[in-house]
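Shown next, in structure tokens, is the structure this report addresses.
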Amino acid sequence: MTKVISKNGLILAVFALIVTAIVALTQQLTKDAINKQEQRYLLTLLEQVVDPKTYNNDLANQCVLVTSQDMLGRATPQRAFIARKDNTPVAIAIETTAPNGYSGNIDIIVGITTEGVVSGVRTLRHQETPGLGDKIEITKSSWMDSFKGWLLTDKNESQWRVKKDGGEFDQFTGATITPRAVVEATRKALAFVNKEQRAIIESTQRCGGQ
């Protein structure tokens with residue numbers, strides 16, 4: 001009996017090693033393709049939050065790291081992409097996180113011109129409820145476009161809320177928490193860039209590989 005158990009255990013161990021090796025090999029072989037796909041997706045999002053007609057640098061590779069848990073929702077660094085026209089900064093696309101979504105973190109990217117105008121907002125990752133909170137995806141709803149053209153000033157700060165809270169942004173039917181979290185995260189990202197724009201542009205904290 002002991003010999004049988006040992007034999008079966010050995011077979012399982014060998015099988016596990018073979019499967020692990022196959023997974024590792026597959027991951028290695030597809031790494032470049034995955035990286036290219038991620039880079040292509042990133043460029044697509046960047047072009048949606050910053051009009052590509054306004055800059056002529058390689059935006060996806062003009063990235064610095066910034067950190068502010070209070071304003072950008074995470075204790076770890078977030079990426080900020082600097083758009084330039086003939087070497088003159090024209091906009092910043094900054095990643096930020098709404099930590100108070102209905103189902104956890106909502107990662108978004110906010111495009112902001114150097115004049116402090118929101119040029120676009122898109123969702124990077126979320127786990128909100130399908131059919132309710134997922135209207136923050138541009139493929140499900142145009143709600144994210146409602147930020148475009150907005151500024152943040154002392155006079156309009158109170159308008160940066162959903163209508164249910166007395167602000168100017170629509171909430172979703174049956175799902176107020178999600179849009180409330182995204183409005184707040186976008187407002188904070190805008191406030192952060194307004195305050196730290198020069199430091200971001202002059203930062204030497206480059207993203208990995210640059």
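Worth knowing before you read on, the calculation uses all heavy atoms, side chains too, and leaves out hydrogens, waters and symmetry mates. What you see is a predicted model; the values in this text were computed from it and never measured.
Put simply, the side chain of P179 does not reach to within 4.5 Å of the side chain of F169, judged on heavy atoms. Between Q69 and R74, the closest side-chain pair of non-hydrogen atoms is not below 4.5 Å. At a threshold of 4.5 Å between non-hydrogen side-chain atoms, the residues I136 and H126 count as touching. Contact of the V193 side chain with the I94 side chain is registered, since non-hydrogen atoms from C-beta on lie closer than 4.5 Å.
None of T67, T96, V110 except one satisfies the side-chain contact (heavy atoms from CB on, under 4.5 Å) rule with L72; the exception is T96. Of the residues listed (Q62, R198, R84, Q197), the one engaging P89 in a side-chain contact (heavy atoms from CB on, under 4.5 Å) is R84, and it is the only one.
Once rounded to the nearest 0.5 Å, the distance linking CZ of F147 with CG of L190 reads 10.5 Å. The line from NZ of K188 to CE of M71 is 6.5 Å long, rounded to the nearest 0.5 Å. Note that CD of E202 and CD1 of I82 are 9.5 Å apart. Values are rounded to the nearest 0.5 Å. Once rounded to the nearest 0.5 Å, the distance linking CG of N194 with OG1 of T114 reads 11.0 Å. With rounding to the nearest 0.5 Å, the separation of CD in E95 from CD1 in I108 is 10.5 Å. Here N105 contributes atom CG and E128 contributes atom CD; the two are 9.5 Å apart, rounded to the nearest 0.5 Å.
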Evaluate the side-chain contact (heavy atoms from CB on, under 4.5 Å) criterion for residues Q78 and F192: first the C-alpha distance (whole Å), next the side-chain angles of each, then the deciding distance (0.1 Å), finally the verdict.
-> CA-CA 12 Å; Q78 303 268 34; F192 178 80; over 6 Å; no

Could you check F81 against L46 for side-chain contact (heavy atoms from CB on, under 4.5 Å), going step by step and ending with a plain yes or no?
-> CA-CA 8 Å; F81 300 86; L46 288 172; 3.8 Å; yes

Begin from the C-alpha positions of T97 and I106 and carry the test side-chain contact (heavy atoms from CB on, under 4.5 Å) through to its verdict.
-> CA-CA 6 Å; T97 299; I106 302 170; over 6 Å; no

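Remark: the backbone N or O of Q127 is paired with a side-chain donor or acceptor of S103 at under 3.5 angstrom. In this structure a side-chain-to-backbone donor-acceptor pair under 3.5 Å is missing from S203 to V64. The backbone N or O of A175 lies less than 3.5 Å from no partner atom in the side chain of T178, so there is not a single donor-acceptor pair.
Considering every non-hydrogen atom in both L152 and R187, the closest pair reads CD2-O, 3.8 Å. Across all their heavy atoms, V50 and A83 have their closest contact at CG1-CB, 4.1 Å. The two residues I200 and A80 make their nearest non-hydrogen contact at CG2-CB, 4.0 Å. Here the shortest heavy-atom pairing between R161 and D165 reads CD-O, 3.6 Å. F172 and G133 make their closest contact through CE1-O, 4.2 Å (heavy atoms, listed as atom of the first residue, atom of the second, distance). Between R122 and L45, the shortest heavy-atom distance links the atoms CB-CD2, 3.9 Å.
Follow the hydrophobic side-chain contacts under 4.5 Å out from I177 and you never reach V183; the two are in separate clusters. Under a hydrophobic clustering in which Ile, Leu, Val, Met, Phe, Trp and Tyr are joined whenever their side-chain heavy atoms come within less than 4.5 Å, directly or via other members, V49 and L42 fall into the same cluster. Connection of L124 to L43 is not established within any shared hydrophobic cluster, with ILVMFWY side chains joined at heavy-atom distances below 4.5 Å, either directly or through further cluster members. Under the 4.5 Å side-chain heavy-atom criterion for Ile, Leu, Val, Met, Phe, Trp and Tyr, I112 and L151 are members of distinct hydrophobic clusters.
Open room surrounds CG on N87; 12 or fewer heavy atoms of other groups in view lie less than 6.0 Å from it. Heavy-atom neighbours of K164 NZ from other residues, nucleotides or ligands within 6.0 Å: at or below the threshold of 12.
Judged purely by distance below 3.5 Å, without hydrogens or angles, the side chains of T123 and E137 never pair a donor atom with an acceptor atom. A donor atom on one side chain and an acceptor atom on the other are found under 3.5 Å apart for T153 and N156.
Classification of the W160-W150 ring pair by plane angle, with boundaries at 30° and 60°, yields perpendicular.
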